[in-house]
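In this text, all values refer to a predicted model and were calculated from it rather than measured experimentally. FYI, side chains are in, hydrogens and waters are out, and symmetry mates aren't considered; it's all heavy atoms of this structure. By convention in this document, chain letters (A, B, ...) are assigned in the order of the sequence lines, proteins followed by strands, and residues within each chain are numbered from 1.
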Amino acid sequence: MSSGPRFRFAPSPTGFFHVGGARTALYNWALARRLQGTFVLRIEDTDEARNRPEWTQGIIDALAWIGIHSDDPTFEGPYFQSDYAEAQVAAARRLFDGGTAYYCDLTSEQIHERVKAGAGGYDGYSRDRGLGPAPGRVLRFRVPQGATTVHDLVRGDVVFDHATIEDFVLLRGDGTPMFLLANVVDDIEMRISHVVRAEEHLPNTPKQQLLWQALGSHPPVWAHVPLLVNEQRKKLSKRRDKVAVEQYRAEGYLAAAMVNYLMTLGWSPPGDQEIVPWAAIEQAFQLEDVNHSPAFFDVRKLAAFNGEYIRRLPVDEFIAACRPFLESPDVPWPAERFDAAKFAAMASVVQLRASTLDEVPGVVDFLFLADPVLDEEVWAKTIAAPGARDVLAEATEAYQQLPEWHAAALKATLEAVGERHALKLGKAQAPIRVAVTGRTVGPPLFEALEVLGRGEVIRRLILVATA
RNA sequence: GCCCCCAUCGUCUAGUGGCCUAGGACACCACCCUUUCAAGGUGGCGGCACGGGUUCGAAUCCCGUUGGGGGUGCCA
């Protein structure tokens, strides 16, 4: 086992993996690797999560997708919060025995009433009542006088006056540990040295630090990284926002692009390039350089990164990356009509045009569809346009005669047809494109015609001409 | 209510007292290239929230204001 620093990443399984969580995981991972430490995965599981092991598996899969592999020596875990329940209760017991925690028999309703009557939160009602453990009684931490300073690597020193911290609950009325206690005990048990997490946890940190100390341990290095927000500058949430890493994966975002983009939120790589490989990021990343303010997760910029990453892929890797999208059941053509060789022939021009992989089927569908469908609007704009039918007829004729079926010849032929009608190639190609592909826009036409083949091209041209 | 955090183009950021006439990227606009659409090239638009200090000098340091966000559970 490594003796270096130990970074813990502790997501709660909720059925999906949050992009904000992904960024925090990446921070921990980069640090663990650069500092020759350990990335410890601990799942903050709940009853529901325990009944759904696939949620935990989803986290592990998503981590693997962004390059955090559970079989890497840097990786330790997964552990589960519930595995440590005994230690958590034992710690609470020690706190009670030592007098830094006490039992209270007030119910939430009773506390609520006292608050309405003027108490600012829980007012320490049972502090000196000497109550012992009993069903229905919660164990509360006795917050001492004074103040706690949290030394945060991102934010500097943050001071919290204990007067503003109420005696928080350690053990529920049924004796089970609360999150705060569980968290601290687990971290101590696992000898965690660095806690890197989202800023929303900062207000809880003095309580945790107090617990670390009360339990006789030296608090870890804290680092609270800025939140990821939506256009309304609110914390990203599953309900309002597209936050599931799995969804981006399904839409054809490349893991490398996602990782790179995530790392530019709240931090920027040294130098003037923002598209940089993970290896460079791993070497350069440090918490001291992380921004203090929340960052908007901009899908458009993510898409721009993704397009860049797609274009940089060697063509065979691009083809491989497209496979799941071309073999998906959602594909618009009958599966048996798919022809990998035809796609491969078009791949390099498609690659230049996709910003996400899920756009790819729509770009090449005409190759595999039995008959492309043209809607009325497209028909009116192109086929019904003046001169279009003449171009169509003449091109069909010429293409039937063409000695060799390849892109250059197809282009030259259509250019000649266009000249006779005083049409530039840009205009002349329009009806042909629509007749063959069903669309006004798409990949370069003559390459597409070559790949589709003479028979099919002629058939489609005649089909439209006679309609 | 109370506590805490934050504040540079629309967005992500560079900037740590003089290299700032504030740099880059995404988005947007224009032009070029062109076989439609992209990609690429060139150019443009656009910002230090406000008010006080400190200093010879402030985007940078301090205070305040305003604005935004987070936290405040017998949730995690």
Mind checking [X] for me? I need base, sugar-phosphate or nothing, with any heavy atom below 4.0 Å counting as a touch.
X	value
A:Leu445	base
A:Ala304	sugar-phosphate
A:Leu265	sugar-phosphate

Between the protein and nucleotides 41-47 of chain B, list the N/O to N/O atom pairs that are separated by less than 3.5 angstrom.
none

Under 3.5 Å, which protein N or O atoms sit close to an N or O of nucleotides 64-69 of chain B? Give each pair with its distance.
residue, atom, partner, partner atom, Å
B:G69, OP1, A:Lys234, NZ, 2.5

Which nucleotide wins on minimum distance to the side chain of [X], given the candidates [options]?
X	options	answer
A:Ser293	B:A7, B:U35, B:A76	B:A7
A:Pro203	B:G70, B:A39, B:G73	B:G70
A:Met178	B:C74, B:U35, B:C5	B:C74
A:Asp298	B:A39, B:U11, B:U36	B:U11
A:Phe160	B:C5, B:C4, B:C74	B:C4
A:Glu200	B:G71, B:U35, B:C75	B:G71

Give a yes-or-no answer on whether the side chains of A:Tyr79 and A:Asp186 include a donor-acceptor pair shorter than 3.5 Å.
->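 No, because no side-chain N or O of A:Tyr79 sits under 3.5 Å from a partner of the opposite role on A:Asp186.
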Under 3.5 Å, is there a donor-acceptor pair between the A:Arg155 and A:His292 side chains?
->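 Not at all, the side chains of A:Arg155 and A:His292 share no donor-acceptor pair under 3.5 Å.
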Is there a donor and acceptor pair closer than 3.5 Å between the side chain of A:Lys301 and the base of B:A25?
->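 Yes.
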Quick one: does A:Arg353 reach the base of B:C37 with a side-chain donor-acceptor pair under 3.5 Å?
->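 Donor-acceptor pair under 3.5 Å: yes.
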Distance under 6.0 Å and angle within 45° of ring axis: A:Arg454 vs A:Tyr399 |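 That pair does not qualify as a cation-pi contact.
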Answer yes or no: does a side-chain N or O of A:His292 lie under 4.0 Å from OP1 or OP2 of B:C6?
->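 Yes, A:His292 has a side-chain N/O under 4.0 Å of OP1/OP2 on B:C6.
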Which one of A:Phe297, A:Phe17, A:Phe16 satisfies the ring-ring contact (aromatic ring centres under 6.0 Å, His included) criterion with A:Tyr248?
->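 Passing option: A:Phe297.
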Just name whichever nucleotide pairs with B:A25, Watson-Crick or G-U, keeping both distances under 3.5 Å, else none.
->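 Checking every strand shown, B:A25 finds its partner in B:U11, with both distances under 3.5 Å.
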Please say which of A:His194, A:Gln208, A:Arg8 ends up in a side chain to side chain donor-acceptor pair (under 3.5 Å) with A:Asp187.
->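 Option passing the side chain to side chain donor-acceptor pair (under 3.5 Å) with A:Asp187: A:Arg8.
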